[in-house]
Every structure is written in structure tokens, then in C-alpha cells.
Amino acid sequence: MQKPIMAVTGDETATTGDMPTYQIRAPTTALPQGVMMAASPGSLHSPQQLAEEATRKRELRLMKNREAAKECRRRKKEYVKCLESRVAVLEVQNKKLIEELETLKDICSPKTD
DNA sequence: TAAACTCCACGTCACTTGGC
DNA sequence: GCCAAGTGACGTGGAGTTTA
């Protein structure tokens, strides 16, 4: 079954402009520990060698994706935390403005008795 | 106290995106 | 067009909590 296509990237900066994006692609130069570079395809001969190479490539891909997923979750958590603290600040600010408005209304409204 | 439930972190897959 | 990186969705397992 085909999954629905995702349009959301998690980059809220485009709409708000004041929050840090959590989708940042950092170039990776170093391989994870214990990972060897692949032999050149030209040096592979037997079907067994090809199968081993395919397995090795898959494991490398999974390992990289595992790390990428961890990092992605870490950034997302940070981003959500950041949004939550912003909400808290804005709620306080909003409350203060409402109180100020009520005070001004009291001052400006004509007394009727 | 065992079963049911909830929450969280993780691994994997499928897909998108950007750089070359 | 290919490849690597990023990420949403999904399934799973472990730890903590609630309930009968």
C-alpha cells in the first residue's frame, strides 16, 4: 500500500520568520565508527561477493538512517520546547494586555449614575 | 499482583528535497 | 538523474501507572 505524500517539512520559519528551523542539513564527512569504505564495484566478481556488498551497503544505510532519525527527533523536541516556551511568554503578555485594556476602559468610560 | 493502559524512545520504511 | 540527508508514519518494546 502506498503511503500518502507528505508536504510538511517541519520548517516553520517560512511562516513565522522568528523561530529557528529544525531542518538543517549538515554535511557529513566522517563515517560512523566501525564502518569501512566500499570496495570499488569493478573489484567484485562472484555473486556471493555482490551479495555481501549489497548487504554491507544496506547495513551502512540503516546505520546512517538510525543516526539521522535520532538527530531529527532531538531537533524536533528542541523545536517543540522552544514553541512551548514562546506560547507561555505570549500568554503572559496577552494577559497583561487584557488587564491594561480593562484599566483603560475603566478610566475612559463615562460614569453613569 | 497480574493485566491493561499510557508514554516514550527507537528502528525501519517510504518518500521528499537539495546538491552535484 | 542519482545520491545522501531529513523527516513523517508505523510498529515495537520497555518502564511507569492505573485498575480490577
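Labels below follow one simple rule: chain letters A, B, ... track the order of the sequence lines, proteins then strands, and each chain is numbered from 1.
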Quiz item: Should the pair A/Glu53-A/Arg56 be classified as a salt bridge under the 4.0 Å nitrogen-to-oxygen rule?
Solution: yes

Quiz prompt | Rounded distance in Å - CG (A/Leu60) to C1' (C/dC3) | solution = 13 Å

Practice problem: Let me know the distance between CD of A/Glu59 and C1' of B/dT12, rounded to the nearest Å. | Solution: 14 Å

Exercise. Nearest whole angstrom, please: distance from the P of C/dG6 to the CZ of A/Arg75.
Key: 6 Å

Quiz item: When rounded to the nearest 0.5 angstrom, what is the spacing between CG in A/Asn94 and CD1 in A/Ile98?
Solution: 4.5 Å

Quiz item: How far does NZ of A/Lys76 sit from NZ of A/Lys81, to the nearest 0.5 angstrom?
Solution: 15.5 Å

Listing time: all N or O pairs from protein to nucleotides 13-16 of chain C that are below 3.5 Å?
none

Quiz item: Using a cut-off of 4.0 Å on non-hydrogen atoms, how would the nucleic acid contact of A/Arg74 be classed: base, sugar-phosphate, or nothing?
Solution: nothing

Quiz item: In whole Å, what is the span from the CG atom of A/Asn65 to the C1' atom of C/dT7?
Solution: 9 Å

Exercise. Take the protein atom CD of A/Glu71 and the nucleotide atom C1' of C/dA4, then report the distance between them rounded to whole Å.
Key: 16 Å

Quiz item: Counting N and O atoms only, with roles assigned by atom type, does the side chain of A/Gln49 sit under 3.5 Å from a partner on the main chain of A/Ser46, one being a donor and the other an acceptor?
Solution: yes

Self-check item: For atom NZ of A/Lys57 and atom C1' of C/dA4, their distance in whole Å
Solution: 13 Å

Give me, pair by pair, the N or O atoms of the protein and of nucleotides 8-10 of chain B that are less than 3.5 Å apart, along with how far apart they are.
from  : atom 1 : to      : atom 2 : distance (Å)
B/dA9 : OP1    : A/Lys77 : NZ     : 2.9

Quiz item: Under the side-chain contact (heavy atoms from CB on, under 4.5 Å) criterion, do A/Met63 and A/Arg66 qualify, and how do the steps go?
Solution: CA-CA 5 Å; A/Met63 185 189 297; A/Arg66 201 179 299 142; 4.2 Å; yes

Quiz item: Is the shortest distance from a Lys or Arg side-chain nitrogen in A/Lys96 or A/Glu100 to a carboxylate oxygen in the other one below 4.0 Å?
Solution: no

Quiz prompt | Nearest-0.5 Å distance, CG of residue A/Leu90 to CG of residue A/Leu97 | solution = 10.0 Å

Self-check item: Electrostatic pair A/Arg74:A/Glu78 at N-O distance under 4.0 angstrom
Solution: yes

Exercise. Taking atom types as modelled, find out whether A/Gln48 and A/Glu52 have a side-chain donor-acceptor pair closer than 3.5 angstrom.
Key: yes

Exercise. Round to the nearest Å and state the distance from A/Arg61 atom CZ to C/dA4 atom C1'.
Key: 11 Å

